[in-house]
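What follows is a short report on a single structure.
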Amino acid sequence: MAPPPALPVHPPSGPHHDSKPPKKSQKEMTKAERKELQERQRAAKAEAKASSQPSSSTPAQKKSNKPAEIVPRPPPTPGRAPREATRGAAAVAHETAAGANERGLRIFSHFGLPKAVSAPKGDIHPVTLRLALQFSEFKIVGANARCIATLIAFKTVIQDYVTPQNTTLSRHLMTHLSPQISHLVAARPMSVTMGNAIRQLKLEISGSDIDLPEQDAKDLLCAKIDQYLSERVLAADGIIEENGQKKIKDGDVILTYARSSVVEKVLLAAHESGRRFSVIVVDSRPLLEGKRLLSVLSHAGIKCKYILLPSIGSIITEVSTVIVGAHSIHTNGAVYSRAGTALVAMMAKQHSIPFIVCCETYKFSEGVQLDSFTKNELAPPGDRIATFPLTKPRESLTLANSPHLEVLNPLYDLTPPTSITAVVTEVGIVPPNSISSIPVALGRLL
Amino acid sequence: MTPAESANAATSHRSVDILVSKLRRRQVVGSREAALETLRVLRQVVSKARFSNIDQLVSLIKSVGRRLVEAQPKEHSVGNTVRKILHHIREEYNAASKSNGRKAIKMDLSISNFILQGQMRKQNGALKSEATITLKEDDPRDPDSFARALKPVLMEAIQDVLDELETVYDNISKMAKDHIHPDEIILTIGHSKTVEAFLKSAGHYRNYTVIVAETGPSYSGHTMAKALSAAGISTFLVPDSSIYAIMSRVTKVILGAHAILANGGMFAITGSLLAATAARVHSTPVVVCAGQFKLTPLWNLYHEFGALDFADPSSVLGFEEGNLVDKVEVLNPYYDYVGPEMVDVFITNDGDHPPSSVYRLIKETYDDEDHDL
């Protein structure tokens with residue numbers, strides 16, 4: 001099971017102890033005040049949640065978390081209570097004017113909105129500060145890229161670390177790394193890949209020899225990091241490249257969604273080995289990452305088509321294989337990936353088109369997630385990454401929340417294993433229902 | 001002037017020309033707008049037309065209809081309106097000639113007529129010519145007497161269709177509160193005026209939440225979200241990519257339609273197929289709100305490219321991506337074809353209908369001989 005790498009776990013009901021003291025009586029507050037309070041509660045909750053479970057939560061955690069989520073907060077006015085109750089209780093709900101003013105659904109309230117990187121707490125290395133900014137600005141995106149960037153940054157942090165008096169590296173280094181990790185998490189919730197890598201790093205640190213000279217120990221750790229990167233990420237990608245391109249034949253039309261570094265490598269490798277095929281890049285907001293993949297592929301000379309996700313229904317019949325990447329993959333074979341992947345998988349299944357996921361084994365996440373709600377992340381609202389067409393006048397777009405209107409940009413969704421044909425890993429091509437056996441086969445290296 | 005000449009004169013009527021060019025330039029867009037314009041033109045054509053028997057009148061209207069349809073074949077409501085008017089004209093004529101003691105137009109005994117027998121409810125109630133007029137076809141002494149006698153009832157019939165079209169949103173919205181219960185979570189895509197009116201009307205009675213998908217590349221969902229939230233309905237705006245994630249929490253999907261086809265399928269804004277399929281996978285009901293004027297006696301069996309209509313690709317991949325523009329193919333289809341198995345109910349101004357009974361509605365609304373104008 002995944003022990004949260006960085007911080008002690010808060011009691012799951014933690015988010016709900018907030019806001020009781022300042023609450024005088026909500027009836028006296030203005031609408032704006034109430035909204036502000038709500039916003040603050042949400043932020044506090046998100047923060048608590050992000051720090052308490054940065055990687056995948058264990059089922060036990062989830063179980064204890066869920067009821068807490070449903071429990072209504074101290075009811076401010078009778079009118080608001082029904083909105084906070086579950087849908088099952090909706091039948092009893094009597095709407096009042098106060099209820100109408102309420103900002104709708106609670107089911108999204110736990111999605112943490114990314115905040116601007118706050119003032120660093122504790123001793124943060126400049127490399128970490130920079131990385132955190134790159135994360136929060138979406139300059140570094142993608143599970144692989146973020147994991148690689150984090151590990152490389154940590155190599156610098158480790159090299160610059162000096163063990164204080166009266167302690168040993170194996171005991172103290174982790175307390176130095178913890179604030180770095182939580183700073184990164186504050187910038188953007190941790191990816192599963194980062195969680196897995198950091199867990200491995202912790203293991204190496206605690207296992208390092210006390211009698212080793214400090215510099216040697218640090219060098220050894222950096223060598224271990226390099227080994228992890230080359231074995232679990234780069235070499236794995238190489239094998240996936242080889243495995244994956246076997247599935248591409250002459251004359252195929254390959255459809256891919258958004259941008260995955262592994263899929264890009266597979267397609268380029270297949271093209272270099274002389275196979276003739278064309279690619280349909282499907283893309284969607286909030287990130288429109290497919291444009292980058294499109295430019296790489298078309299520069300390599302691959303014939304490309306580009307469409308937005310809503311048009312996929314028109315083009316899916318031409319497709320022979322769908323290949324996508326993943327953010328992480330769960331033991332039941334469900335793939336957690338860029339929002340929209342599940343829609344593509346669904347359409348492919350409807351038309352009996354093979355749906356292949358390329359995923360390194362270090363992306364495996366123990367535990368099972370059943371929907372895209374328990375864990376997700378929101379992209380910043382507005383048009384910071386300039387994803388709306390320039391032909392569209394800005395004033396016709398809704399870029400910010402207004403009364404009764406909330407803009408949500410979930411970044412991930414969960415593709416059920418039933419719509420996945422195969423998962424290409426560095427240990428072979430496996431059906432999604434055999435994912436759970438891979439860690440065993442690997443000797444629980446994860 | 002022979003009747004044939006007069007028909008020609010009317011076909012080249014100025015108002016027809018104007019509408020033809022407006023349709024061709026896409027200055028008249030949207031199925032209701034197009035239907036309204038068509039009706040106004042037809043009213044003028046009928047009011048100025050000279051004819052001495054029913055066949056002349058029908059062929060005159062058909063020729064005008066053909067010109068309008070050819071100007072913009074993708075705007076199905078134009079043809080539908082013409083068909084509907086023809087149907088009304090025949091009905092009035094039949095009633096009038098029956099009351100004259102003459103035999104009505106000969107009806108072949110067929111399955112379709114057999115079905116019609118049971119559904120004369122509309123025909124019986126709404127007729128204008130209550131045995132008050134006498135019709136004389138092809139009167140050699142006074143060729144205009146036929147037109148003079150029939151015109152007033154025809155104009156009234158056209159006015160009725162016009163009234164129906166003008167109140168279509170209200171009539172559809174009337175049923176909103178029977179379809180939406182409190183605390184529902186509704187998903188809709190794009191911006192359909194019918195759906196907007198429907199949801200707003202439900203908002204007067206019920207407290208519920210709407211999730212609007214942006215629906216790229218037009219991003220018309222933004223307009224919809226603004227309109228709904230301004231009406232005080234709690235609204236969420238999400239990208240198209242999260243439709244699947246959110247569907248598990250959605251209780252109903254409400255879509256608009258561009259045209260409802262004879263098999264119960266429909267043409268609708270791109271993305272409708274995606275939303276409807278996701279709803280099917282999650283067993284969420286799909287509700288389509290559409291006026292009756294969108295019923296189209298057409299089939300779409302052989303291709304997936306909705307109405308084979310494409311919008312400009314620059315909103316998908318703009319010229320800011322200059323070095324890509326000439327290397328890749330960019331597609332931006334305008335409509336999706338959503339099959340009848342994806343839709344649970346059509347809410348029209350004429351009541352709720354399952355897709356399986358759309359063919360019957362079409363039989364009821366139009367005459368078989370008008371399917372090809």
Side-chain angles (χ1 to χ4, degrees), chain A residues 82-83 87 90 93 95 99-100 102-105 107-108 281 284-286 291 294-295 298-299 303-317 338-340 342-343 346-347 350 371-373 376 388-392 396-398 402-410 412-414, chain B residues 181-183 185 189 206-207 209 214-219 222-223 225-226 228-230 232-246 248-249 251 269-274 277-278 281 304-306 314-321 323-324 327-333 336-337:
Chain A
R83 304 290 299 181
R87 250 204 274 148
E95 270 74 17
E102 173 76 8
R103 268 262 199 88
L105 292 177
I107 56 169
F108 300 122
V281 180
S284 172
R285 282 202 66 249
K291 279 185 187 172
L294 187 69
S295 72
S298 65
H299 277 292
K303 211 176 137 227
C304 290
K305 245 182 215 174
Y306 182 77
I307 58 163
L308 289 185
L309 186 58
S311 328
I312 193 174
S314 305
I315 212 164
I316 192 80
T317 43
R338 185 64 71 223
L343 282 170
M346 170 191 82
M347 291 308 279
Q350 278 250 320
D371 55 37
S372 322
F373 275 88
N376 210 323
F388 288 106
L390 294 179
T391 48
K392 190 89 186 157
S396 70
L397 295 172
T398 313
S402 56
H404 301 297
L405 177 63
E406 203 165 319
V407 182
L408 288 177
N409 289 322
Y412 297 102
D413 67 9
L414 191 81
Chain B
H181 66 69
D183 258 3
I185 303 176
I189 70 164
R206 307 273 189 257
N207 223 324
T209 303
E214 298 180 321
T215 324
S218 64
Y219 297 105
H222 287 256
T223 325
K226 256 183 217 161
L228 291 178
S229 61
I233 299 167
S234 126
T235 313
F236 287 83
L237 183 67
V238 300
D240 310 312
S241 49
S242 40
I243 288 177
Y244 192 92
I246 273 167
S248 60
R249 299 297 182 271
T251 53
I269 185 171
T270 310
S272 302
L273 180 59
L274 203 63
T277 313
V281 168
E304 296 288 325
F305 272 114
S314 75
S315 51
V316 178
L317 193 72
F319 285 100
E320 66 271 18
E321 308 284 339
N323 47 351
L324 276 179
K327 285 193 189 120
V328 296
E329 192 178 337
V330 180
L331 291 181
N332 181 9
D336 267 347
Y337 167 65

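Proteins come first, then strands; the chains are lettered A, B, ... in the order of their sequence lines, and each starts at number 1.
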Among Val330(B), Val238(B), Thr277(B), residue most engaged with chain A (heavy-atom pairs, under 4.5 Å): Thr277(B)
Choice from Ile233(B), Asn323(B), Thr215(B) maximising heavy atom contacts with chain A below 4.5 Å: Ile233(B)
Residues forming a ring pair (Phe, Tyr, Trp, His ring centres under 6.0 Å) with Tyr306(A), sequence neighbours excluded: none
Intermediate values then yes/no, side chain to side chain contact (heavy atoms under 4.5 Å, CB included), Ser315(B) and Asn332(B): CA-CA 8 Å; Ser315(B) 51; Asn332(B) 181 9; 3.5 Å; yes
Contacting region of Val281(B) [heavy-atom separation from chain A under 4.5 Å]: side chain
Region of Leu324(B) that comes under 4.5 Å of a non-hydrogen atom in chain A: side chain
Portion of Ser218(B) that has a non-hydrogen atom of chain A nearer than 4.5 angstrom: backbone
Residue part contacting chain B, namely of Leu414(A), when any heavy atom lies under 4.5 Å: backbone
Side-chain donor/acceptor of Ser229(B) to backbone N/O of Thr235(B), under 3.5 Å: no
Euclidean distance, His299(A) NE2 relative to Lys327(B) NZ, rounded to 0.5 Å: 4.0 Å
Chain A contact via Ile246(B) - side chain, backbone, both or neither, heavy atoms under 4.5 Å: both
Steps toward side chain to side chain contact (heavy atoms under 4.5 Å, CB included) verdict (Asp371(A), Arg249(B)): CA-CA 10 Å; Asp371(A) 55 37; Arg249(B) 299 297 182 271; 2.7 Å; yes
Residue among Leu294(A), Ile312(A), Asp413(A) with most heavy-atom pairs under 4.5 Å to chain B: Leu294(A)
Residue, of Pro239(B), Gly318(B), Ser242(B), that accumulates the most heavy atom pairs under 4.5 Å with chain A: Pro239(B)
